There are 2 protein chains.
Amino acid sequence: MKPISDQIKEKPWLGWLIFFATIVVVFILGLFASSIVERRAEAQFTYTPQVEHSQYEPRNEVWGENFPRQYQTYMQTSDTTFESKYNGAKRIDMLAKYPEFVILWADYGFAKEYNQGRGHYHAIDDIREILRTGAPIDGKESPMPNTCWTCKSPDVPRLMSEIGPAEFYRGTWEEKGHEIVNPIGCADCHDAETMNLRISRPALIEAFERQGKDITMASHQEMRSLVCAQCHVEYYFNKDKVEGVQYLTFPWDNGFAIEDMEKYYDGMEFSDWTHGLSRAPMLKAQHPDYEVYSTGIHASRGVSCADCHMPYMNEGGQKFTDHHIQSPLNNVANSCQVCHRDETEELVATVYKRQDQIAHNREKLEELLVRAHVEAKHAWDFGATEEQMEDILMDIRHAQWRWDFSAAGHGNSFHNPVELGRIIGDGISIAQESRIKLARVLASLGHNEAIEYPDISTKAKAQAYLGMDMATLNQEKETFLNTVVPQWLEKAKEREANYPVQIN
Amino acid sequence: MKPISDQIKEKPWLGWLIFFATIVVVFILGLFASSIVERRAEAQFTYTPQVEHSQYEPRNEVWGENFPRQYQTYMQTSDTTFESKYNGAKRIDMLAKYPEFVILWADYGFAKEYNQGRGHYHAIDDIREILRTGAPIDGKESPMPNTCWTCKSPDVPRLMSEIGPAEFYRGTWEEKGHEIVNPIGCADCHDAETMNLRISRPALIEAFERQGKDITMASHQEMRSLVCAQCHVEYYFNKDKVEGVQYLTFPWDNGFAIEDMEKYYDGMEFSDWTHGLSRAPMLKAQHPDYEVYSTGIHASRGVSCADCHMPYMNEGGQKFTDHHIQSPLNNVANSCQVCHRDETEELVATVYKRQDQIAHNREKLEELLVRAHVEAKHAWDFGATEEQMEDILMDIRHAQWRWDFSAAGHGNSFHNPVELGRIIGDGISIAQESRIKLARVLASLGHNEAIEYPDISTKAKAQAYLGMDMATLNQEKETFLNTVVPQWLEKAKEREANYPVQIN
């Protein structure tokens with residue numbers, strides 16, 4: 001074959017063919033290159049703010065201008081289809097599902113209303129609408145302090161930056177209703193400049209400090225759990241730190257195990273309330289999610305909260321964190337299956353099986369605690385003395401602490417089912433010990449027979465057993481929601497209109 | 001360069017050089033080929049029996065002639081360094097470790113002696129030397145039936161093939177002492193012709209049949225657990241099947257869960273013995289290893305017993321199953337780490353943590369059961385009636401069944417810790433319920449105060465509390481071992497000298 005140059009000399013059209021073919025190929029290459037640059041631009045664009053705002057911007061939609069994907073997935077926390085699958089209602093009423101809870105929380109706010117948690121998007125609605133915060137109208141106070149707002153909103157770090165945590169906590173819940181209107185969101189976990197994860201709540205920082213640890217030394221992977229641990233923990237309101245203030249505090253000084261926290265509370269003779277039937281000095285466990293997770297297998301293998309509850313996604317060539325925080329069981333492909341090579345159905349079945357195994361004894365413990373409270377009430381009625389009851393009441397306190405610690409956490413029976421089994425087994429043992437002692441006290445008072453289990457087969461019956469006037473509570477709440485809350489919203493709107501947001 | 005043929009024409013020595021170089025290379029190739037053939041031969045050799053023997057050859061060393069690697073690893077089950085790490089003794093004395101067990105088994109053989117299991121190699125020594133089988137000398141019978149031999153030896157399928165299972169089980173333990181001398185081994189699990197896994201014990205086959213299942217349909221992977229399930233299960237001695245025979249039976253007809261087996265036993269009003277203190281109709285759980293494993297995560301992911309307890313090994317180019325059956329924690333690299341990409345230390349720590357979490361409540365349940373038995377004894381002593389005690393004794397039966405089921409299994413708290421937690425929690429609840437009822441019965445008899453916990457801080461104290469004459473039992477046993485056992489061995493030697501083994 002002749003060299004190409006000789007061929008072109010013979011057939012000039014061949015030269016033109018090569019020339020145009022080259023042009024076409026180069027044009028297509030240009031298209032590809034352009035596409036790559038565009039994708040790069042898209043990936044870069046998160047770092048080029050569309051609007052500028054302060055660290056204390058409480059409105060998630062403003063942050064969302066710069067981070068549309070994160071914001072749009074965050075907005076999916078408004079979804080309630082998962083809940084409505086169960087009863088078609090706005091919320092899952094846990095007292096209707098477990099009327100025993102009403103008895104366990106006699107004389108405490110939770111006996112009025114307790115619902116399964118909904119997505120972060122609903123945080124503000126849910127705290128306003130629940131009976132526990134009461135109906136503070138016309139100068140009447142809410143039964144709850146402002147401390148209750150702490151976990152509900154990015155308005156909290158804003159307000160704390162202005163008046164400090166102690167002044168934030170001070171006073172009753174209705175005082176700050178007009179200040180706190182945006183549900184849990186961006187500013188709660190992020191730095192506005194760098195988008196790094198950021199601890200915005202003092203209680204966690206203070207708990208670390210008391211343990212001699214510096215939270216600013218936490219790695220990024222640790223921060224992917226610690227931002228959650230700002231709220232998803234066991235906590236209490238300390239009345240001894242600042243005069244007149246219920247100061248939000250984590251009881252971690254002795255450690256994370258349930259016995260460590262019990263020792264902490266017992267040591268300071270702290271109780272959340274006195275039980276309405278047994279008069280036991282009770283502890284209300286909050287939601288010790290981080291503590292239980294920390295003792296579990298996923299934590300010890302280095303898996304963070306976000307790894308399962310906010311897995312990475314890919315969209316338009318950009319990798320980002322799914323801000324639709326939810327049960328990983330709704331998203332097995334992106335959570336569990338990143339590590340576990342098993343079918344979705346099998347993975348879900350495994351989790352349900354564990355939950356059922358734990359629920360088996362947890363529900364038994366609920367019944368035993370109801371019995372203990374009711375038997376103690378009978379003992380008092382028959383004339384038991386403080387001295388006779390002292391030990392018994394401490395047993396009831398310790399047994400219910402174990403039940404509540406197990407029941408109140410989100411996903412506890414997944415995060416560490418073995419530890420939950422241990423805790424609940426302990427709780428059963430102690431609850432029954434109190435009942436053995438009660439049997440002796442009752443016998444000594446001339447009542448040596450089993451006390452009948454009350455008819456608490458529905459929430460209404462359980463609340464009636466305690467003499468609770470639910471009709472009035474509900475009526476007052478409705479009035480509050482229709483009169484006070486609209487005023488709060490109006491005030492907030494005026495204030496937010498003046499926030500400095502610069503559009504680039 | 002000139003063609004090589006031209007070069008050789010010019011320099012003849014070059015031709016010779018190439019010739020000899022070729023010879024050297026071909027020789028080396030020959031060496032390699034020979035090595036490959038040899039390795040093949042070695043790999044093949046397992047399938048070319050050196051000796052021929054029958055299916056019912058009981059001597060492991062005879063099978064070992066054909067399968068030296070399997071046999072040599074099997075022989076490692078004689079190892080006792082793992083045990084001696086703990087106390088330097090021949091066996092770990094569980095009654096010394098947990099003196100409460102003596103009380104829990106009052107009037108039952110286990111209160112005399114109970115040791116942690118040793119390797120299969122020791123099966124025969126251990127059943128001869130334990131106090132539970134007694135000292136049958138001069139026409140005195142053993143307290144145990146021949147059924148007790150069933151799991152101890154490949155002499156069992158041999159003898160069963162001759163006289164059938166019912167006649168095998170018939171009679172007391174000393175009658176077949178001269179027949180059963182080889183410890184658990186090859187013929188218990190293998191077919192002599194094909195080396196396939198084989199079920200040699202009728203109880204498992206019969207249990208499958210009663211459930212309408214055909215064990216011959218089991219896959220090879222299932223068989224890698226089922227051969228273990230011939231013995232590592234819950235079983236009892238059925239006295240109603242064949243007149244005068246304690247027939248080995250698995251209580252699986254209602255299912256594998258602990259409640260299923262309890263229902264089975266309760267339904268037939270079966271009890272292993274009447275408790276020496278409380279007079280409760282007791283159940284002795286054996287070692288429900290297969291049942292607990294079957295409900296656990298490893299079984300549901302298709303992992304067999306052998307996968308962890310007999311992992312594959314490689315030696316001399318041959319892959320084979322490690323017959324040194326032992327805790328996978330002694331062999332993490334070949335067991336756990338085949339699937340789990342974690343450090344050995346971390347994997348072991350995880351297992352120990354779970355075991356500790358389960359032990360926490362299991363030990364509590366032990367204490368509560370001791371209390372229940374002792375309180376029941378006091379109730380009887382104070383004049384309680386059968387009617388008053390009936391419910392209480394059933395509670396004690398059910399609570400201790402849950403404890404024993406949890407405690408008796410090998411590795412239960414690893415195989416399914418969540419289920420164990422559930423079972424033990426249930427046990428605590430029921431044990432305490434019995435004590436509440438006991439408090440009322442005691443109060444009704446004029447004794448309304450706590451019953452003191454006995455001093456059972458050592459095995460000797462616990463056995464003395466029950467009035468057991470250990471010195472006599474030990475003395476008689478020693479005489480039996482020195483006089484009767486040597487006669488058994490002599491007889492067996494004579495018999496075995498006549499077995500047909502053909503050396504190829």
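Quantities reported herein were computed from a predicted structural model and do not represent experimental measurements. Numbered from 1 within each chain, the chains take letters A, B, ... in sequence-line order.
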Student check: side-chain heavy atoms of [X] and [Y] closer than 4.5 Å:
{"X": "B:Ser429", "Y": "A:Asn361", "result": "no"}
{"X": "A:Arg301", "Y": "B:Glu346", "result": "yes"}
{"X": "A:Arg440", "Y": "B:Leu442", "result": "no"}
{"X": "B:Gln432", "Y": "A:Ile436", "result": "yes"}
{"X": "B:Glu433", "Y": "A:Leu368", "result": "yes"}
{"X": "B:Arg354", "Y": "A:Ile297", "result": "yes"}

Working to the nearest 0.5 Å, report the span between [atom1] of [X] and [atom2] of [Y].
{"X": "B:His360", "Y": "A:Arg422", "atom1": "NE2", "atom2": "CZ", "value": "4.5 Å"}
{"X": "A:Ile428", "Y": "B:Ile430", "atom1": "CD1", "atom2": "CD1", "value": "9.5 Å"}
{"X": "B:Lys364", "Y": "A:Asp426", "atom1": "NZ", "atom2": "CG", "value": "8.0 Å"}

Completion exercise
Nearest heavy-atom approach of A:Ser444 to B:Asn448 is N-ND2, 3.3 Å
Exercise for the section: Using non-hydrogen atoms and a 4.5 Å limit, figure out which bit of B:Asn416 sits close to chain A: side chain, backbone, both or neither. Expected result: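 Contact with chain A is through the side chain of B:Asn416 alone.
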Problem - Per-residue contact mode, B:Asp342 against chain A (heavy atom under 4.5 angstrom) - result: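 The answer is the side chain of B:Asp342.
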Please rank [options] by heavy-atom pairs under 4.5 Å with chain A and give me the top one.
{"options": "B:Thr350, B:Val418, B:Ile424", "answer": "B:Val418"}
{"options": "B:Ala349, B:Gly425, B:Pro417, B:Ala431", "answer": "B:Gly425"}
{"options": "B:Ala443, B:Gly421, B:Gly427", "answer": "B:Ala443"}

Neighbour count >12 (heavy atoms, 6.0 Å) for atom [atom1], [X]:
{"X": "A:Glu387", "atom1": "CD", "value": "no"}
{"X": "A:Glu343", "atom1": "CD", "value": "no"}
{"X": "B:Lys377", "atom1": "NZ", "value": "no"}
{"X": "A:Glu449", "atom1": "CD", "value": "yes"}

Handout entry: Evaluation steps, side chain to side chain contact (heavy atoms under 4.5 Å, CB included), between A:Lys353 and B:Thr295
Key = CA-CA 10 Å; A:Lys353 186 179 164 190; B:Thr295 63; 4.2 Å; yes
Handout entry: Heavy-atom pairs under 4.5 Å with chain B, option from A:Ala450, A:Ser300, A:Ala439 with the top count
Key =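 Counting heavy-atom pairs under 4.5 Å, the top option is A:Ala450.
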